[in-house]
Amino acid sequence: MDLIKKLTGKNPSEYEVVARNLVNNSDVELFAKLVKQDDFLFDFIKNNVAKRIQNACTKDNYRNLLSFLEFYSASYDTMIATVLHSFGGETLFIELKELFFNGTESQQAYAVKYFTLVPEIARELLPQIREAAKSEFEPLSMNSIELLSLLKDEVSKSEALENLNSDDEFIQYDAVKFLVNYQAKDALDKIVEVMKKSSLSENIASEISYLIPLEELIEKDIDMASLVLCYIINAIPDIISPSAICDYNLYEVFEKIPLTSSTAVLLRLAKDKFEELLSNDEYLFDCDKNTKDEVKGVNELLKRFNSHKLKSLFYDELFDGSDFVFFAIDYVDEVEELETLLDSENQTLILKVLTVLKERSQLRDEHKKLALGNITSEDIKQIVEVL
């Protein structure tokens with residue numbers, strides 16, 4: 001039988017032997033094959049494998065793990081770092097410091113993970129760690145940011161906060177990812193403001209949930225939480241995998257969320273999204289049974305919300321300054337309600353209204369004339385002209 005199957009299987013008499021041989025023999029080839037399987041194994045299986053390898057490590061063989069550092073896996077980096085620290089303590093610092101300076105990106109990422117267990121000793125590397133946090137190799141970058149957070153490095157944090165003000169949206173997004181991994185909860189409000197204006201809103205929203213749990217965000221600010229969730233829902237399945245629905249605990253979130261004008265918009269948006277996910281097998285084709293069951297469960301929950309009740313609430317968000325107006329417009333039937341928004345100071349909002357009217361075959365020349373009177377952007381004017 002394939003050794004990977006034995007290692008990931010349920011038979012202790014098989015996986016214990018394979019795990020011991022893997023470590024005792026420094027079986028780099030088998031570990032490399034294991035890492036290649038990362039995308040095809042469920043998290044609970046990888047967690048089991050990590051425990052099995054860790055249990056096979058002793059004071060006599062733990063150094064054999066060093067030969068595996070050429071092959072990076074986020075599924076096993078914590079286990080490897082823990083083993084190295086448990087048996088080798090701080091004595092391995094010099095050796096891993098050498099790998100950090102002269103090793104491959106994979107070796108560097110593992111080394112920094114080890115440093116997170118001895119942060120005060122690693123403080124001497126602070127300038128180099130700051131630089132590693134900017135690496136394009138994400139494991140190295142993320143592990144370095146984790147270490148900077150443990151060291152409470154205000155220099156790198158301040159730089160990320162400043163980058164939130166950049167005119168380059170990708171620099172902003174990198175700053176968001178830094179602050180989230182740094183666990184800079186005090187940056188939440190600034191991150192949300194960036195999210196509102198960015199074309200990468202969905203990506204940023206998906207990061208925010210790792211900075212503060214959605215349930216906690218709802219307790220803190222229901223409107224802010226609703227907006228973050230609107231973008232998260234919008235991002236499924238193109239940007240965010242449907243499997244993340246379980247990570248976000250959306251069933252519990254929707255089950256307990258209070259009804260307000262902002263949550264009404266969110267729930268209406270979610271109702272459509274989950275119906276769409278279940279309408280086409282392709283959306284959930286690669287998902288496990290747990291994810292499919294969760295999607296079905298959330299869909300059934302959302303059906304319980306009365307659509308007319310939701311609609312009566314989200315009309316309160318149909319005004320120029322609402323963070324939810326762009327979402328609410330899609331669910332407004334009355335032309336008169338949409339017409340009032342053609343006097344908006346937000347030219348993008350005006351274009352959105354005209355587009356919705358066009359899609360419903362309700363766009364008239366008077367609408368375009370009124371809109372053009374309030375539009376100064378030549379680019380938007382050209383789009384309106386051809387609607």
Side-chain angles (χ1 to χ4, degrees), residues 16 19-28 30-32 34-35 38 46-160 178-184 210:
E16 288 176 358
R20 280 198 302 271
N21 289 338
L22 171 72
V23 179
N24 289 336
N25 300 327
S26 297
D27 194 338
V28 176
L30 180 58
F31 185 74
L34 180 63
V35 171
D38 263 4
K46 290 184 283 190
N47 290 337
N48 286 340
V49 171
K51 291 175 185 176
R52 293 164 186 178
I53 296 174
Q54 184 169 355
N55 290 337
C57 295
T58 67
K59 62 182 178 62
D60 298 316
N61 66 12
Y62 78 93
R63 285 186 56 85
N64 291 349
L65 295 188
L66 292 170
S67 61
F68 298 158
L69 304 192
E70 279 281 2
F71 302 93
Y72 186 82
S73 169
S75 303
Y76 308 111
D77 65 345
T78 298
M79 177 272 293
I80 290 176
T82 301
V83 169
L84 294 177
H85 181 254
S86 295
F87 291 109
E90 299 171 0
T91 61
L92 288 175
F93 178 74
I94 298 300
E95 197 167 342
L96 288 164
K97 176 182 174 182
E98 175 64 23
L99 285 180
F100 174 65
F101 280 112
N102 299 310
T104 63
E105 289 180 324
S106 176
Q107 290 173 325
Q108 290 174 328
Y110 277 116
V112 176
K113 195 67 177 181
Y114 166 82
F115 295 157
T116 63
L117 301 177
V118 289
E120 288 307 318
I121 298 179
R123 188 177 290 277
E124 68 178 69
L125 305 175
L126 199 49
Q128 292 85 1
I129 296 297
R130 288 173 186 153
E131 194 61 33
K134 301 174 183 177
S135 171
E136 292 185 4
F137 184 55
E138 190 167 338
L140 175 56
S141 172
M142 294 298 101
N143 289 350
S144 298
I145 296 169
E146 180 186 355
L147 179 56
L148 291 172
S149 178
L150 291 170
L151 293 173
K152 295 180 171 57
D153 180 46
E154 289 298 323
V155 172
S156 57
K157 180 184 176 182
S158 296
E159 182 180 347
F178 179 99
L179 293 165
V180 168
N181 207 51
Y182 191 95
Q183 285 296 288
Y210 296 103

*What closest approach, in Å, do Cys57 and Leu65 show between heavy atoms, and which atom pair accounts for it?*
SG-CD1, 3.8 Å
*Between atom CG of Leu125 and atom CD of Glu131, what is the distance when rounded to the nearest 0.5 Å?*
13.5 Å
*Short question: side chain of Lys157, backbone of Lys152 - any donor-acceptor pair under 3.5 Å?*
no
*Between Ser156 and Leu148, which heavy-atom pair has the shortest distance, and what is it?*
OG-CD1, 3.7 Å
_So which atom in Gln128 and which in Phe101 form the shortest heavy-atom distance, rounded to 0.1 Å?_
CG-CE2, 3.6 Å
_How close do Ala50 and Ser75 get, counting heavy atoms only, and between which atoms?_
CB-O, 4.1 Å
*Do Leu150 and Phe115 come within less than 4.5 Å of each other through their side chains, counting heavy atoms only?*
no
_Using 0.5 Å steps for rounding, measure from the NE2 atom of His85 to the OG1 atom of Thr78._
13.5 Å
*Do Glu95 and Glu98 come within less than 4.5 Å of each other through their side chains, counting heavy atoms only?*
no
*When rounded to the nearest 0.5 angstrom, what distance separates CD in Gln108 from CG in Asn102?*
8.5 Å
*4.5 Å side-chain heavy-atom contact, Val49 and Tyr76*: yes
*asked:* For Ser141 versus Ala133, what's the shortest heavy-atom pair and its separation?
replied: OG-O, 2.7 Å
_So for atom CD, which belongs to Glu136, do other residues, nucleotides or ligands contribute more than 12 heavy atoms lying within a distance under 6.0 Å?_
no
*Decide if the gap between the ring center of Phe31 and the ring center of Phe68 is smaller than 6.0 angstrom.*
yes
Acceptor/donor pairs from residues 86-93 side chains to any protein atom, 3.5 angstrom cut, sequence neighbours excluded:
from  : atom 1 : to    : atom 2 : distance (Å)
Ser86 : OG     : Thr82 : O      : 2.7
Thr91 : OG1    : Gly88 : O      : 2.3

*Distance (rounded to the nearest 0.5 Å) between Ile129 CD1 and Leu151 CG*: 8.0 Å
_Side chain proximity check, Val35 to Tyr72, heavy atoms < 4.5 angstrom_ = no
_pair Ser149-Asn181: side-chain heavy atoms closer than 4.5 Å_ = no
*Below 4.5 Å, heavy atoms only, C-beta onward: do Leu84 and Leu66 meet side chain to side chain?*
yes
*With rounding to the nearest 0.5 Å, note down the distance linking CD1 in Ile145 to CZ in Phe178.*
5.0 Å
*Does any N or O in the side chain of Glu105 come within less than 3.5 Å of the main-chain N or O of Glu138, such that one atom is a donor and the other an acceptor?*
no
*Mind checking whether Asp27 and Asn21 have side chains closer than 4.5 Å, heavy atoms only?*
no
*Mind jotting down which residue pairs meet the side chain to side chain donor-acceptor pair (under 3.5 Å) criterion with at least one end in residues 109-122? Sequence neighbours excluded, please.*
Lys113-Glu146, Glu120-Arg123
_Does this structure show an ion pair linking Glu124 with Lys97, if we count only N-O contacts that are shorter than 4.0 Å?_
yes
*Locate the shortest heavy-atom distance separating Asn61 from Ala56; write the atom from each residue and the value.*
ND2-O, 3.1 Å
*Which is it for Leu30 and Asn25 under the side chain to side chain contact (heavy atoms under 4.5 Å, CB included) test, yes or no, and what are the steps along the way?*
CA-CA 10 Å; Leu30 180 58; Asn25 300 327; over 6 Å; no
*Going through the checks in order, is the side chain to side chain contact (heavy atoms under 4.5 Å, CB included) test met by Glu70 and Val28?*
CA-CA 9 Å; Glu70 279 281 2; Val28 176; 5.8 Å; no
*Would you call Asp77 and Pro139 a side-chain contact if the rule is heavy atoms closer than 4.5 Å?*
no
_Measuring from atom CG of Leu147 to atom CZ of Arg130, what distance do you get when rounded to the nearest 0.5 angstrom?_
11.0 Å
